[in-house]
Amino acid sequence: MSRQIHDVLVRAEEEMIFLGPDHPMYSLLAELSGAVRTAWQEGHESGRRGAGAVNPYE
């Protein structure tokens, strides 16, 4: 699952480069990409602190 999320984030970031910051959907795509990356990192960190073996954001 983590590979799939990584691939989607990479694709979104590539689309942002293609669209450019002047495109009306750029800020939404940037916000969504950042939120997903942050949520995934929080889940990863909670697992490292002993919160359980399963990532709660998976």
Side-chain angles (χ1 to χ4, degrees):
M1 182 68 154
S2 65
R3 182 69 188 164
Q4 181 184 7
I5 292 171
H6 176 267
D7 291 347
V8 168
L9 287 173
V10 168
R11 236 175 54 217
E13 290 165 353
E14 288 172 354
E15 285 297 317
M16 287 169 52
I17 292 169
F18 176 74
L19 292 175
D22 295 336
H23 192 277
M25 298 305 288
Y26 182 87
S27 62
L28 176 62
L29 191 56
E31 192 173 337
L32 285 171
S33 296
V36 168
R37 190 176 296 280
T38 300
W40 182 257
Q41 188 64 41
E42 287 174 6
H44 176 73
E45 292 298 322
S46 73
R48 290 182 67 200
R49 288 190 298 268
V54 178
N55 185 335
Y57 296 98
E58 197 166 45

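Taking a 4.5 Å side-chain heavy-atom cut-off between Ile, Leu, Val, Met, Phe, Trp and Tyr, the cluster of Val10 contains only that residue.
In this structure Val8 satisfies the side chain to side chain contact (heavy atoms under 4.5 Å, CB included) test with no other residue, sequence neighbours excluded.
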Under 3.5 Å, side-chain donor or acceptor atoms of residues 13-33 against the rest of the protein: list the pairs with distances, not counting sequence neighbours.
{"residue": "Glu13", "atom": "OE2", "partner": "Arg37", "partner atom": "NH2", "Å": "2.5"}
{"residue": "His23", "atom": "ND1", "partner": "Met25", "partner atom": "N", "Å": "3.0"}
{"residue": "Ser33", "atom": "OG", "partner": "Leu29", "partner atom": "O", "Å": "2.9"}

